[in-house]
J.: 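Sending over a structure as C-alpha cells; questions will come in a sec.
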Number of protein chains: 2
Amino acid sequence: MHPTNRLETAPPARPLRADAARNREALLAAASAEFAAHGADASVADIARRAGIGKGTVFRHFPTKEHLLGAIVLDRLVTISELGEDLLGAGDAGRALLEFLTAACERVQQLDLSFLLAASPAVLAEPAVSAAQERMFGVVGALVARAQEQGAVRADVTGPDVILLMCAPSHAASPLQDSDPGLWRRYLGVLFDGLRPEGAHPLPHPPPAAPVP
Amino acid sequence: MHPTNRLETAPPARPLRADAARNREALLAAASAEFAAHGADASVADIARRAGIGKGTVFRHFPTKEHLLGAIVLDRLVTISELGEDLLGAGDAGRALLEFLTAACERVQQLDLSFLLAASPAVLAEPAVSAAQERMFGVVGALVARAQEQGAVRADVTGPDVILLMCAPSHAASPLQDSDPGLWRRYLGVLFDGLRPEGAHPLPHPPPAAPVP
DNA sequence: AGCTAACCGGACCCGGCGGTCAACTTATTC
DNA sequence: GAATAAGTTGACCGCCGGGTCCGGTTAGCT
C-alpha cells in the first residue's frame with residue numbers, strides 16, 4: 001500500500017513537500033479535464049502527459065486509476081451537495097430545485113454523472129465517496145420535498161427519480177456538445193416542465209426505492 | 001478486403017453456404033446480446049464464444065468489429081423506422097408519438113441509442129447506416145409535426161429535439177436496469193409530460209439544426 | 001463418390017493499457 | 001553545505017483486445 005493514498009479529506013500526518021503538492025494539483029486538474037474529454041476510459045499516460053509529470057508520479061499519489069477517478073467524483077459530489085444545501089434555505093423551492101439542477105449539469109459538464117451512480121464497485125467502495133453520495137441523495141431528496149410542499153413539483157415523483165433524471169439533459173445534448181455547448185439547458189427546461197404539476201399525467205410505473213442497487 | 005463484408009442489405013452475388021448463413025445469424029444474435037449487456041466495448045472473443053463460433057469466423061463476416069456494430073445499429077434503425085412509418089397513419093398523433101417512443105425504448109432496451117447518433121465515424125461512414133439514420137430522422141420529424149398540428153405536443157420543440165431526447169428514459173433508468181427493468185417507462189412518462197403543451201414554460205435555448213454534427 | 005471452393009477456427013501477432021521498480025533528483029532540516 | 005527522507009521518472013512487465021492467417025473441414029455440385 002502506498003504511503004499517500006488518502007483521498008483529499010483529512011490533513012496528512014505530515015504535509016506534502018512543495019513540489020509534490022504542486023504536482024498533485026496539476027494531476028487533479030489534468031485528470032478532470034481528461035476524464036471530461038474521454039470519459040472514464042481516459043488513459044493514465046495521457047493524464048500524466050497533460051499534467052506534465054511522469055506516469056509513475058500518478059501512482060505515487062493514487063494507488064489506482066480508479067482511486068484517481070474517485071477523487072474527481074468525490075470533488076463533484078461535495079461541490080454539488082454544498083450548493084444544494086445553500087439552496088435549501090431559498091424561499092421559492094421550485095426555483096431552488098431548478099437552480100440546483102442547472103448548477104449540477106453545469107458543474108458536471110460533459111463528464112457524465114451516470115458513473116456517480118453506476119460507478120465501478122472499486123470507486124463506490126471508498127467510504128468517502130459513498131458517504132458523499134449519500135449526502136447528495138439526501139440534499140436532492142430535501143429539495144424535491146420542499147418543492148412539492150410548495151406545489152412547484154408534481155407529487156408523484158420522488159427524490160430518487162430526480163437523482164436518476166438529473167444527468168439526462170447533459171447526456172441527451174452530448175452528441176452536439178462541441179457545436180452547441182449550451183443545449184443541455186434546453187433539455188433541462190423540457191425535463192423540468194415534465195416535473196411540474198400542471199398537465200401531469202399518471203406515471204405508468206412505480207418509483208424506485210433508491211437510485212442505486 | 002474480405003469477400004463478404006456486406007451489411008445486411010442487397011442480395012449477395014452468390015448465396016451464402018448453409019453453415020455460413022447459420023453462423024451469421026448466430027453471430028448477429030450473440031453480438032446483439034453482448035452489446036446490450038456490455039455496451040460497445042463488448043469483446044469480439046466473448047461474442048464469438050456466445051455464438052459458438054471461432055473468432056476468425058467473426059472477421060470473415062465483418063471486416064471489423066465496428067462493422068458488426070454497424071449491422072446491429074442498422075437493424076435497430078430500420079425496425080424503428082418501419083414502426084414509425086406504420087404509426088404515421090394513426091388518428092391520434094399524440095398517442096402515436098408516445099407509442100413510437102415506447103416501442104423505440106423497448107426495442108433498444110439497455111443498448112444505449114446514443115451511439116446511433118454519436119457513433120464512431122467508421123460506423124456512420126457506412127452509407128447504409130447513414131441512410132437508415134436519415135430515414136429515422138425523417139420519420140420522427142413527421143410524427144412530431146403531426147402531433148403538433150393536433151395540439152398534442154408543444155409547438156416549441158422540434159424533431160431533432162425529440163431524437164436527442166428519446167434515449168434519455170432508458171439511459172436514466174440504466175443504473176437500476178437489473179433490479180427494475182421497466183423503470184424507463186416511468187421516465188418516458190415524465191419526458192412526455194414535458195413535451196405536452198399544457199403547463200409548458202419557454203425554453204432557455206434554441207433548438208439544434210440537426211441531431212448530428 | 002469425389003472434387004473444389006467456400007468456410008471454419010484457434011494459434012498467433014501487435015499495440016496499448018494499468019501498474020511496478022530501482023536509479024536518480026530535490027526539498028527540507030540541522 | 002551535507003545528510004536524508006521524500007519525491008520523480010521512464011523503462012519495463014504482464015495482460016488483454018482487435019485483427020491475421022493458414023491448415024483443416026465441409027457444403028454443394030456433378
Side-chain angles (χ1 to χ4, degrees), chain A residues 1-6 11-28 30-31 34-35 37-72 115 119-123, chain B residues 1-6 11-28 30-31 34-35 37-72 115 119-123:
Chain A
M1 185 77 85
H2 275 90
T4 53
N5 60 350
R6 89 189 67 268
R14 259 178 291 181
L16 285 113
R17 234 170 62 174
D19 56 346
R22 249 184 297 120
N23 281 341
R24 184 189 181 85
E25 209 171 339
L27 168 56
L28 285 170
E34 209 69 21
F35 282 136
H38 304 115
D41 296 331
S43 83
V44 174
D46 285 349
I47 293 171
R49 198 173 309 122
R50 183 188 279 246
I53 63 180
K55 210 172 58 162
T57 306
V58 175
F59 291 101
R60 168 157 211 88
H61 286 279
F62 298 93
T64 273
K65 180 189 165 183
E66 302 240 313
H67 283 80
L68 174 56
L69 217 194
I72 306 288
F115 64 68
S120 57
V123 175
Chain B
M1 186 76 88
H2 276 91
T4 51
N5 62 348
R6 89 188 69 266
R14 259 178 294 179
L16 283 95
R17 234 170 62 174
D19 56 346
R22 249 184 296 122
N23 282 340
R24 184 190 181 84
E25 208 172 338
L27 168 58
L28 285 170
E34 209 69 20
F35 282 135
H38 305 115
D41 297 331
S43 83
V44 173
D46 285 350
I47 293 171
R49 199 174 308 120
R50 182 188 279 246
I53 62 179
K55 210 171 62 163
T57 306
V58 174
F59 291 101
R60 164 159 285 272
H61 286 280
F62 298 94
T64 273
K65 179 189 166 184
E66 303 240 312
H67 283 80
L68 174 55
L69 217 195
I72 306 289
F115 62 67
S120 56
V123 176

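Within every chain, numbering begins at 1; the chains are lettered A, B, ... in the order of the sequence lines, protein sequences first and strands thereafter. Predicted model, so just to flag it, every value in this text is computed and none were measured.
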J.: Looking at the side chain of I53(A), which of dT9(D), dG19(D), dT8(D) is the nearest nucleotide?
T.: dT9(D)
J.: Would you call L28(B) and E25(B) a side-chain contact if the rule is heavy atoms closer than 4.5 Å?
T.: no
J.: Check whether any side-chain N or O of T64(B) sits under 4.0 Å from OP1 or OP2 of dG19(D), and answer yes or no.
T.: yes
J.: Measure the shortest side-chain to side-chain distance between I47(A) and F35(A) over non-hydrogen atoms and say whether it is less than 4.5 angstrom.
T.: yes
J.: Find the distance L27(B):CG to dC8(C):C1' and express it as a whole number of Å.
T.: 13 Å
J.: With the side chain counted from C-beta on, respond yes when F59(B) and H67(B) share a heavy-atom pair under 4.5 Å apart, and no when they do not.
T.: no
J.: Rounded to whole Å, please give me the gap between CZ in R49(B) and C1' in dG17(D).
T.: 12 Å
J.: How long is the line joining NZ of K55(B) and C1' of dC22(D), in whole Å?
T.: 16 Å
J.: Could you check how far CD1 of I47(B) sits from P of dC16(D), rounded to whole Å?
T.: 18 Å
J.: Can you find a pair of side-chain heavy atoms, one from L27(A) and one from I53(A), that are under 4.5 Å apart?
T.: yes
J.: dG18(D), dG7(D), dG19(D): which one has an atom nearest the side-chain heavy atoms of A20(A)?
T.: dG7(D)
J.: Could you check which of dC7(C), dT8(D), dG18(D) has an atom nearest any side-chain atom of F59(B)?
T.: dG18(D)
J.: Using a strict cut-off of less than 4.0 Å between a Lys/Arg side-chain nitrogen and an Asp/Glu carboxylate oxygen, indicate whether R22(B) and D19(B) qualify as a salt bridge.
T.: no
J.: What's the NE2-P distance between H38(B) and dG18(D), to the nearest Å?
T.: 13 Å
J.: Nearest whole Å is fine: how far is dT26(D) P from R60(B) CZ?
T.: 16 Å
J.: Counting heavy atoms from C-beta on, name the nucleotide in dT8(D), dT28(C), dG18(C) closest to the side chain of A18(A).
T.: dT28(C)
J.: For DNA chain D, whose closest nucleotide is more 5', that of R17(B) or that of S43(B)?
T.: S43(B)
J.: Provide, to the nearest angstrom, the distance between the CD atom belonging to E34(A) and the P atom belonging to dC17(C).
T.: 11 Å
J.: Counting side-chain heavy atoms from CB outward, which of dC7(C), dG18(C), dG17(D) is closest to L16(B)?
T.: dC7(C)
J.: Starting at CG of D46(B) and ending at P of dC16(D), how long is that distance when rounded to a whole Å?
T.: 12 Å
J.: Would one find a side-chain N or O of N23(A) under 4.0 angstrom from OP1 or OP2 of dT8(D)?
T.: yes
J.: Checking all strands, does K65(A) fall into the base, sugar-phosphate, or nothing category for heavy-atom contacts under 4.0 angstrom?
T.: sugar-phosphate
J.: Would you indicate whether the side-chain heavy atoms of R50(B) and D46(B) approach each other to under 4.5 Å?
T.: no
J.: Please determine, for the side chain of D19(B), which listed nucleotide (dA27(D), dG19(D), dG9(C)) has the closest atom?
T.: dA27(D)
J.: Return whichever of A21(A) or R22(B) has its heavy-atom-nearest nucleotide of DNA chain D closer to the 5' end.
T.: A21(A)
J.: Of the listed nucleotides (dA27(D), dC8(C), dG19(C)), which one gets closest to any side-chain atom of H61(B)?
T.: dC8(C)
J.: Among dT8(D), dG18(D), dG18(C), which is the nearest nucleotide to the side chain of T57(A)?
T.: dT8(D)
